[in-house]
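These notes concern the structure reproduced below.
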Amino acid sequence: MFTTSTIPTMGIFQAYYLNVMFPDEPATKISWIGTVNFITLFGLMAVGGLMFERIGPRFTCALGVAFMAVGYILASLCTKIWQLVLTQGLLVGTGGALLNAVAIVIPLDYFEKRQSLAVGISSSGAGIGGIWLPVVIQHIINHHGIHWALRVQGLIIFVVCGLSTLLMVRSRAAVPSEADLNFEPSLAKEKEEKEEVEAEAGHPDNLKG
């Protein structure tokens, strides 16, 4: 909900930067904040997938939460465009990529059937977050300023995504499908060896001993 749903709030922040915070700067320069955010958010998802396999979903999510929360908090202290590019653009985008990768892979890891439905339900959270989060951020900007809006968004991500990370169950190895076995001969050989061991263990002569 809080990974790709931060895209609508980026539009609100950039409108404020263009009209209020940096009125004398060209729009093309300010747009680098969102550009870097989008590039890292979607471009580094492959890295998030590799980290999911190497260190597991919980640590991957923990790093994603840290990157996003710290990125928003530091962005609230920025006064230059290049500083916002590094914080709200690079840091927040990197954290979102890690969280988004886990959000996509986790349903595939736990559902052997109806995987498309599981991923669809999981991804629908982005649409829900994209409805109410921009409204909240705009309200905070109007009443408390841009800096508090950035801090609140970072705090929301830290609390909600951090709690989800703590409650996350362990990943389990997915059972290879028949298509995987045909594509990767080593998996088929491993399956045959496992079946042979199980057959020998269940043989009547072995049970007598």
Side-chain angles (χ1 to χ4, degrees), residues 1-52 55 57-104 125-126 129-130 132-166:
M1 181 183 295
F2 295 102
T3 53
T4 54
S5 64
T6 58
I7 295 177
T9 62
M10 178 62 71
I12 295 175
F13 286 124
Q14 291 213 150
Y16 185 91
Y17 298 148
L18 180 63
N19 298 319
V20 180
M21 197 167 179
F22 306 108
D24 298 328
E25 297 289 349
T28 52
K29 187 176 180 180
I30 296 174
S31 66
W32 274 105
I33 303 170
T35 300
V36 172
N37 181 275
F38 297 160
I39 290 174
T40 52
L41 175 60
F42 295 105
L44 295 182
M45 284 182 60
V47 177
L50 292 175
M51 293 181 64
F52 178 94
I55 64 176
R58 181 170 294 177
F59 290 107
T60 303
C61 282
L63 287 175
V65 171
F67 272 110
M68 291 194 76
V70 171
Y72 276 116
I73 296 300
L74 292 179
S76 69
L77 306 175
C78 295
T79 57
K80 305 291 184 181
I81 294 178
W82 67 267
Q83 296 171 342
L84 290 168
V85 170
L86 294 178
T87 54
Q88 193 175 5
L90 185 61
L91 284 179
V92 172
T94 301
L98 300 182
L99 290 174
N100 208 28
V102 174
I104 293 176
W132 67 267
L133 191 57
V135 177
V136 173
I137 295 303
Q138 185 65 66
H139 177 80
I140 296 174
I141 290 176
N142 294 339
H143 292 81
H144 304 284
I146 187 74
H147 303 295
W148 273 107
L150 290 165
R151 293 166 191 160
V152 168
Q153 182 151 348
L155 181 62
I156 291 175
I157 291 172
F158 179 78
V159 172
V160 176
C161 295
L163 182 61
S164 300
T165 300
L166 292 176

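One is the number of the first residue; the rest follow in order along the sequence. Heavy atoms only: backbone and side chains are in, while hydrogens, waters and symmetry mates are out.
Ile137 and Ala149 get closest at one heavy-atom pair: CD1-O, 3.8 Å. The two residues Val65 and Cys161 make their nearest non-hydrogen contact at CG2-CB, 3.5 Å. Taking every heavy atom of both residues into account, Gln14 and Ile33 meet most closely at OE1-CB, 3.7 Å. Summarising the geometry of Ala101 relative to Gly49, their closest heavy-atom pair is CB-N, 3.8 Å, with the distance given to 0.1 Å. Nearest heavy-atom pair across Gly154 and Tyr72 is CA-CB, 3.7 Å. Taking each heavy atom of Cys78 and Leu74 in turn, the nearest pair found is SG-O, 3.2 Å.
With a 4.5 Å cut-off on side-chain heavy atoms, Phe22 and Leu84 count as touching. Using a 4.5 Å heavy-atom cutoff, the side chains of Ile81 and Trp32 are not in contact. Under the 4.5 Å side-chain criterion, counting only non-hydrogen atoms from C-beta, Leu86 is not in contact with Leu91. When side chains are defined from C-beta on, Phe67 does not count as touching Val92, because their heavy atoms never get closer than 4.5 Å. Side-chain contact between Ile55 and Leu63 is present, with at least one heavy-atom pair separated by less than 4.5 Å. Between Leu150 and Ile73, the closest side-chain pair of non-hydrogen atoms is not below 4.5 Å.
For CZ of Phe38, the number of neighbouring non-hydrogen atoms (other residues, nucleotides, ligands) closer than 6.0 Å is greater than 12.
Under 3.5 Å, the side chains of Ser76 and Arg151 contain a donor-acceptor pair of N or O atoms. Side-chain atoms of Gln153 and Thr9 include a donor-acceptor pair closer than 3.5 Å. With no hydrogens or angles considered, no side-chain donor-acceptor pair links Gln138 and Tyr16 at under 3.5 Å.
Summarising the geometry, atom OG belonging to Ser164 is positioned 11.5 Å from atom CD1 belonging to Ile157; distances are rounded to the nearest 0.5 Å. Between the CD1 atom of Ile156 and the CG atom of Leu133 there is a distance of 6.0 Å, given to the nearest 0.5 Å. Within the model, atoms CG of Asn37 and CE of Met10 stand 3.5 Å from one another, a figure rounded to the nearest 0.5 Å. For the atom pair CE of Met45 and CG of Leu99, the computed distance is 10.5 Å after rounding to the nearest 0.5 Å. Met21 CE to Thr79 OG1: the interatomic distance, rounded to the nearest 0.5 Å, is 6.5 Å. The distance from the SG atom of Cys61 to the CZ atom of Phe52 is 8.5 Å, given to the nearest 0.5 Å.
Residues in residues 138-157 take part in these ring pair (Phe, Tyr, Trp, His ring centres under 6.0 Å) pairs, two or more places apart or across chains: His139-His143.
Using a distance-only test at 3.5 Å, with no hydrogens or angles considered, a donor-acceptor pair links the side chain of Asn19 to the main chain of Ala15.
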message = Go through it in stages, so that I can follow the logic: the residues are Trp82 and Lys29, the test is side-chain contact (heavy atoms from CB on, under 4.5 Å), and I'd like the CA-CA distance, side-chain angles, deciding distance and then a yes or no.
response = CA-CA 9 Å; Trp82 67 267; Lys29 187 176 180 180; over 6 Å; no

